[in-house]
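Report on the structure given below.
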Amino acid sequence: MGGGALCILLGLFAALGVPEFGRRPVAGNSGPPSKIPRPAEVDDRSTAGHPESSPAGSRGNRHAGEQSSPRHESKVADRDSDEEPRGTTSEADGAREAKAAREASRLRQRLLERAGELAVGADDPWKSLIHVALTYHRAGEREAAAAWFDRAQRLAVDPDSEVRTSAALRDVVKGWLTIAEFEKAEALLKRIPTARYREFASAELATALARKKRFDEATRLAAGLLDPSARALALRGVADAQARYEGLNEALTTVSRIPSGKYRDDALLRVALARAGAGDSAGAANVIGQIANLRTRDLARVRVAEYEARAGRAGSPETLLAVLHDPFLRDESLRRIVEAQV
């Protein structure tokens, strides 16, 4: 129930639009300010959204054995700040718009605070807190997002299970990587107690670095991984990014370092799709021919054919699908492509 309610609250937050909490109004701008601080809470602006200053923070502190002071609000100040000044019609319209902006901003803040409170009480609180932190980050509240990430990190630790702690901390690492906080992610993954989870988190870091075109760092990190599956996962991510941003030859060189098997075929599939998306039909077809597993090869042909159809390249989809080994898959794929083109 807690997870469903959290999703609903975050959905409502998204429906209200992303607030610009930290932006100050520009002089001469006739539009409403993105946020007008309440007179009684001017000193609290720097901690707005911080888990320690929200109801969720209070509950989280009790969960973690910390102390937290309650948040005081002045309803009188809110009422005074919402009164419309008397003046011309345009001034009255501007005041109403400003009031609506204040009310929307306060509602967004309450939704996020309530989402944080629900997250702390969830079965896997760190996962829900990561979603709350990412929502704050998208809203421009980086300091508050970092605070929620820190809380997620604390609640991810299970003193009775190193494996559970390792899996949970890996989730937090992936959260940091989502917003490209590489230093924080790297510092946290070093604290993962189980070697296998630590290596897989490092593989995800290598993939994220490659997506930012930091190929040398990503390749070095992948080469240093001892777990074969983690190393293959990292190289797969590097090859995918190289196919998109560097070139086919670089990507295939990286793929050649992956042992034959599922990860290698999956890497070739991703490279083929990346080249098809870049308009390199010949390159995509060449890569598909190197996939060993017939089912994966057929899937690659279907996906690339869909790219070709969307790009309007006549004849290419039919040529690719004609060599599918599964007749049902071939017919179904052709039907979907025809429907998309109608």
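Just the heavy atoms: all of them, side chains too, but no hydrogens, waters or symmetry mates, feed the values below.
Taking Ile, Leu, Val, Met, Phe, Trp and Tyr as hydrophobic and joining them when side-chain heavy atoms fall under 4.5 Å apart, one finds Tyr263 in a cluster with Phe200, Leu233, Leu235, Ile258.
Ala284 approaches Ala272 most closely through the heavy-atom pair CB-O, 3.5 Å. In terms of heavy-atom proximity, Ala300 sits nearest to Ile291 at CB-CD1, 3.8 Å. Closest non-hydrogen pair, Ala230 versus Leu225, comes out as O-CD1, 3.7 Å. Closest non-hydrogen pair, Leu221 versus Ser202, comes out as CD2-O, 3.4 Å. In plain terms, the two heavy atoms of Ala206 and Ala234 that are nearest each other are CB-CB, 4.0 Å.
Tyr245 and Val238 fall into different hydrophobic clusters, where Ile, Leu, Val, Met, Phe, Trp and Tyr side chains are chained together by heavy-atom contacts under 4.5 Å.
Counting only heavy atoms from C-beta outward, the side chains of Lys262 and Asp265 never approach each other to under 4.5 Å.
The side-chain hydrogen bond (donor to acceptor under 3.5 Å, both in side chains) analysis of residues 266-275, with sequence neighbours excluded, yields the pairs Arg236-Asp266, Asp266-Arg270, Arg275-Asp280. Counting only residues at least two apart or on different chains, the side-chain hydrogen bond (donor to acceptor under 3.5 Å, both in side chains) pairs with a member in residues 252-261 are Gln242-Thr254.
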Please set out all donor-acceptor pairs under 3.5 angstrom arising from side-chain atoms of residues 171-180, sequence neighbours excluded.
from   : atom 1 : to     : atom 2 : distance (Å)
Asp171 : OD2    : Trp126 : NE1    : 3.2
Thr178 : OG1    : Lys174 : O      : 2.8

Considering only distance and modelled atom types, tabulate donor-acceptor pairs under 3.5 Å from the side chains of residues 208-219, sequence neighbours left out.
from   : atom 1 : to     : atom 2 : distance (Å)
Arg214 : NE     : Glu217 : OE2    : 2.9
Arg214 : NH2    : Glu217 : OE1    : 2.9
Arg214 : NH2    : Glu217 : OE2    : 3.4
Thr219 : OG1    : Phe215 : O      : 2.8

Which donor-acceptor pairs under 3.5 Å do the side chains of residues 185-198 make with protein atoms, sequence neighbours left out?
from   : atom 1 : to     : atom 2 : distance (Å)
Thr194 : OG1    : Ser166 : OG     : 2.8
Arg196 : NH1    : Asp227 : OD2    : 2.8
Arg198 : NH1    : Ile192 : O      : 2.5

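Atoms CG and CZ, on Leu129 and Arg154 in that order, are 9.5 Å from each other to the nearest 0.5 Å. Taken from CG in Leu269 to CZ in Arg297, the straight-line distance is 12.5 Å, to the nearest 0.5 Å. The CD1 atom of Ile288 sits 11.0 Å away from the CZ atom of Arg303 when rounded to the nearest 0.5 Å.
Not counting sequence neighbours, the partners of Arg170 by the salt bridge (Lys or Arg N to Asp or Glu O under 4.0 Å) test are Glu204. Applying the side-chain hydrogen bond (donor to acceptor under 3.5 Å, both in side chains) criterion to Arg264, with sequence neighbours excluded, gives no partner residue. Considering only residues two or more places apart in sequence or on other chains, Asp150 meets the salt bridge (Lys or Arg N to Asp or Glu O under 4.0 Å) condition with none of them. Every residue meeting the side-chain hydrogen bond (donor to acceptor under 3.5 Å, both in side chains) condition with Asn293, not counting sequence neighbours, appears here in chain and number order: Thr296.
Of the candidates Leu273, Val287, Leu299, Val304 forms a side-chain contact (heavy atoms from CB on, under 4.5 Å) with just one, namely Leu273.
Between the side chain of Glu199 and the backbone N or O of Leu226, at least one donor-acceptor pair lies under 3.5 Å.
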Apply side chain to side chain contact (heavy atoms under 4.5 Å, CB included) to Arg164 and Asp124, showing your working. CA-CA 11 Å; Arg164 183 174 170 83; Asp124 296 326; 3.2 Å; yes

